[in-house]
Trainee: 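Encoded as structure tokens, here's the structure I'll be asking about.
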Amino acid sequence: MTASVIPLPLKGSTLRGLDATAAEMLAGGQAATLTAARISLLLTSIQAQRAELMAVIDDLQARPPSGDAQVDRLNADLRVEAVRGVGQIDQMIRLIEALQPDAAMKDPPG
């Protein structure tokens, strides 16, 4: 890798940590481009969130009826919404994977 300046987002940006880690990955040879490092980090983060949501769904499915109709209805509604959330996460993962740059591509000048 040649020495270059990697512009990071302004202070307070939620992407600052992601960009700093991506820059470290690039400098350490763990990614071919800064874009590839960012995408890899995004995928890892989103997949972890998906796993957490799946654990919530599993927990909701394993719960026996509480005996309180309102609580049972809320648990059922929460499960439905969590399953929808997993569907949205799966769609995000597919979109992000489609953005993965070809190894031969270069990052845009920054």
Side-chain angles (χ1 to χ4, degrees):
M1 181 184 103
T2 60
S4 62
V5 175
I6 299 172
L8 296 177
L10 298 174
K11 185 177 179 180
S13 169
T14 58
L15 295 177
R16 186 174 179 84
L18 178 119
D19 279 345
T21 304
E24 290 172 9
M25 288 176 66
L26 181 62
Q30 296 169 297
T33 65
L34 185 60
T35 300
R38 286 173 174 155
I39 290 171
S40 175
L41 289 169
L42 284 171
L43 278 173
T44 299
S45 174
I46 291 170
Q47 289 166 340
Q49 291 172 354
R50 184 188 189 284
E52 289 174 16
L53 193 52
M54 288 301 298
V56 168
I57 292 168
D58 291 344
D59 177 64
L60 289 168
Q61 286 178 320
R63 290 183 185 182
S66 68
D68 182 332
Q70 188 175 9
V71 169
D72 292 341
R73 182 67 190 151
L74 287 172
N75 283 338
D77 290 346
L78 181 57
R79 183 184 168 281
V80 167
E81 293 305 318
V83 168
R84 285 183 186 156
V86 168
Q88 292 294 318
I89 290 171
D90 288 343
Q91 185 176 7
M92 285 180 66
I93 289 171
R94 285 190 298 274
L95 289 171
I96 292 170
E97 286 174 338
L99 293 174
Q100 286 183 319
D102 184 317
M105 285 179 50
K106 301 285 185 206
D107 278 326

Trainee: Within the side chain of T44, is there an N or O that forms a donor-acceptor pair under 3.5 Å with the backbone of S40?
Mentor: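 It does hold such a pair.
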Trainee: Find the distance between CD1 (I57) and CG (L78) and round it off to the nearest 0.5 Å.
Mentor: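 The distance works out to 9.0 Å.
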Trainee: In this structure, are over 12 heavy atoms from other groups packed under 6.0 Å from M92 atom CE?
Mentor: no
Trainee: Can you tell me how far the OG1 atom of T33 sits from the CD1 atom of I39, to the nearest 0.5 Å?
Mentor: 7.0 Å
Trainee: Drop me the distance from R38's CZ to M25's CE, to the nearest 0.5 angstrom.
Mentor: 12.0 Å
Trainee: Evaluate whether atom CD of E97 has more than 12 neighbouring non-hydrogen atoms of other residues, nucleotides or ligands under 6.0 angstrom away.
Mentor: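 Yes, because the 6.0 Å sphere around CD of E97 holds more than 12 heavy atoms from other groups.
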Trainee: Working to the nearest 0.5 angstrom, can you tell me the gap between Q49 CD and I93 CD1?
Mentor: 9.5 Å
Trainee: For R94, give me all partners under side chain to side chain donor-acceptor pair (under 3.5 Å), at least two apart in sequence or on another chain.
Mentor: none
Trainee: At what distance, to the nearest 0.5 angstrom, does CE of M54 lie from CG of D58?
Mentor: 5.5 Å
Trainee: Looking only at atom types and distance, does a side-chain atom of D72 sit under 3.5 Å from a main-chain N or O of S66, one as donor and one as acceptor?
Mentor: yes
Trainee: Provide the closest heavy-atom pair for L41 versus L18 in the form atom of the first, atom of the second, distance.
Mentor: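 Looking at all heavy atoms of both residues, the closest pair is CD1-O, 3.5 Å.
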Trainee: Side chains of residues 79-89: which donor-acceptor pairs under 3.5 Å do they make with residues two or more places apart or in other chains?
Mentor:
| residue | atom | partner | partner atom | Å |
| --- | --- | --- | --- | --- |
| E81 | OE2 | R84 | NH1 | 2.7 |

Trainee: So, for A31 and A37, which heavy atoms are closest and what is the spacing to 0.1 Å?
Mentor: CB-CB, 3.6 Å
